[in-house]
Number of protein chains: 2
Amino acid sequence: MSKGKLFILAGPSGAGKATLVHALLAADAKVQLSISFTTRAPREGEQNGREYHFVSREEFLAMAGRGEFLEHAEVHGNLYGTSQKWISDAMARGQDILLEIDVQGAQQVRRIFDGAVGVFILPPSAEILEQRLRNRGTDSEEAIVKRLANAREEIAHVGEFDYVIVNEHIDEAVRDIIGVVRAERLRFLAQAERHNALIASLQG
Amino acid sequence: MSKGKLFILAGPSGAGKATLVHALLAADAKVQLSISFTTRAPREGEQNGREYHFVSREEFLAMAGRGEFLEHAEVHGNLYGTSQKWISDAMARGQDILLEIDVQGAQQVRRIFDGAVGVFILPPSAEILEQRLRNRGTDSEEAIVKRLANAREEIAHVGEFDYVIVNEHIDEAVRDIIGVVRAERLRFLAQAERHNALIASLQG
């Protein structure tokens, strides 16, 4: 069994990451989205292990105590965390994992998961980014200015990523991310591990 | 204008390289096959600059004298050569180039073209490789044994390549090579060059 790969997807809010994530998961059954752990109660229609791993506050704190989280945070009184152990276990079973994360989180993940593949999503223009951020709701001008500043800060880290996808036409961007995942599985080291018996037998 | 990429395709005879080359060229208009120079006369239906660049013996020898060939050889009294200059010029115009070559040629090309991407094609099993080599014609047992030995020698160099495609199901292998080409165009350095104005404006 060959080990799975970890794909990190980052980019400013407004770049269209969520759409790409859903399209990739729909197109490639071998990729699974990293599922966070949370202490909040499941909402109507949510399934344990699908949207989140729902755990009690005691369980969550025990996991944190064992250092199992790549990152965790408390939001509105509920704890949320990305389990390093869950990702490692899934990859050991040969599962490819997709992790949508901010650039700070991405740096931390890369330090822990050496072979992680970083993909950065860019909007097609500054105007479209601003338009998308403005269309998100009825935010104050102050909130929008802050979002734009955050986006600029994220984009300054684009050089830390292996691949860059400009999300201008969504169909093309979806093909791009599918291509990246497919190509990464074909890298020599992954293939040598997966097909070692074949390569040995071909060399007679 | 961003520079084109050079893709080197290698693998033992019987791996199915030619089929993959044709499928990739049909699927991706931005990839062009490297066209060799030759001194032989064009055959019926052949066009200068499509199958070959047809040149006189004098022109060919002058090119060789200027060190323009990556490799050249004489076969049945005709000269054939891969022009380094033609590849460099095409890449400078933003053209991606595909070069089908043996492992020795690939080593030489990688020394000259630093960013060349190597893709190695493997047959799905030793049995199928032998069967394909036997089905190629009415060769003597000796000739087949020699081809198998050559194939084993080529396969020993698989570790020199960036990507490995196992050509078991041709449709999958075609998707693989299309994915590799697509992904390589999305690498940070290529994208930073292609979209430098966008990235600068987004960091505004």
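Atoms considered below: every heavy atom in the structure, side chains included; atoms not considered: hydrogens, waters and symmetry mates. So that the names make sense, note that chain A is the first sequence line, chain B the second, and so on, each numbered from 1.
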Trainee: Taking the basic N atoms (NZ, or NE/NH1/NH2) and the acidic carboxylate oxygens, is any pair closer than 4.0 Å for A:Asp89 and A:Lys85?
Mentor: yes

Trainee: If you count heavy-atom pairs under 4.5 Å with chain B, which of A:Val181, A:Val180, A:Val166, A:Ile177 comes out on top?
Mentor: A:Val166

Trainee: May I ask you to say whether A:Glu130 pairs ionically with A:Arg147, meaning some side-chain N is under 4.0 Å from a carboxylate O?
Mentor: no

Trainee: Measuring heavy-atom distances to chain B, does A:Ala192 have an atom under 4.5 Å in its side chain, in its backbone, in both, or in neither?
Mentor: neither

Trainee: Would you say the side chains of B:Glu68 and B:Ser83 form a donor-acceptor pair under 3.5 Å?
Mentor: no

Trainee: Which one of A:Gln203, A:Glu127, A:Glu184 has the most heavy-atom pairs closer than 4.5 Å to chain B?
Mentor: A:Gln203

Trainee: What pair of heavy atoms forms the shortest contact from B:Arg185 to B:Asp96, and how long is it?
Mentor: NE-OD2, 2.6 Å

Trainee: Let me know if A:Pro123 has heavy atoms under 4.5 Å from chain B in its side chain, its backbone, both or neither.
Mentor: both

Trainee: Taking every heavy-atom pair that is under 4.5 Å apart, which of A:Glu153, A:Arg194, A:Arg182 has the most such pairs with chain B?
Mentor: A:Arg182

Trainee: Checking A:Arg187 against chain B: side chain, backbone, both or neither under 4.5 Å from a heavy atom?
Mentor: both

Trainee: Hey, would you say the B:Tyr52 and B:Tyr80 ring centroids sit under 6.0 Å apart?
Mentor: yes

Trainee: Heavy-atom pairs under 4.5 Å with chain B are the metric here; pick the option from A:Leu148, A:Leu129, A:Asp176, A:Ile178 that has the most.
Mentor: A:Asp176

Trainee: Please look at A:Arg175 and chain B and tell me whether the side chain, the backbone, both or neither of the residue comes under 4.5 angstrom of a heavy atom of that chain.
Mentor: both

Trainee: With a sphere of 6.0 Å drawn around CD of B:Glu142, does it hold more than 12 non-hydrogen atoms of other residues, nucleotides or ligands?
Mentor: no

Trainee: Taking the basic N atoms (NZ, or NE/NH1/NH2) and the acidic carboxylate oxygens, is any pair closer than 4.0 Å for B:Arg110 and B:Glu160?
Mentor: yes

Trainee: Between A:Leu202 and chain B, with a heavy-atom cut-off of 4.5 Å, which part of the residue counts as in contact: side chain, backbone, both or neither?
Mentor: both

Trainee: What residue in A:Glu154, A:His195, A:Glu172 has the most heavy-atom pairs under 4.5 Å with chain B?
Mentor: A:Glu172

Trainee: Please state whether the side chain, the backbone, both or neither of A:Glu168 comes within less than 4.5 Å of a heavy atom of chain B.
Mentor: neither

Trainee: Under 4.5 Å from any heavy atom of chain B, what part of A:Leu198 do you find: side chain, backbone, both or neither?
Mentor: side chain

Trainee: Run the ring-centre check on B:Phe69 versus B:Phe60 and record whether the distance is less than 6.0 Å.
Mentor: yes

Trainee: Report which part of A:Leu122 has an atom under 4.5 Å of a heavy atom belonging to chain B: side chain, backbone, both, or neither.
Mentor: side chain

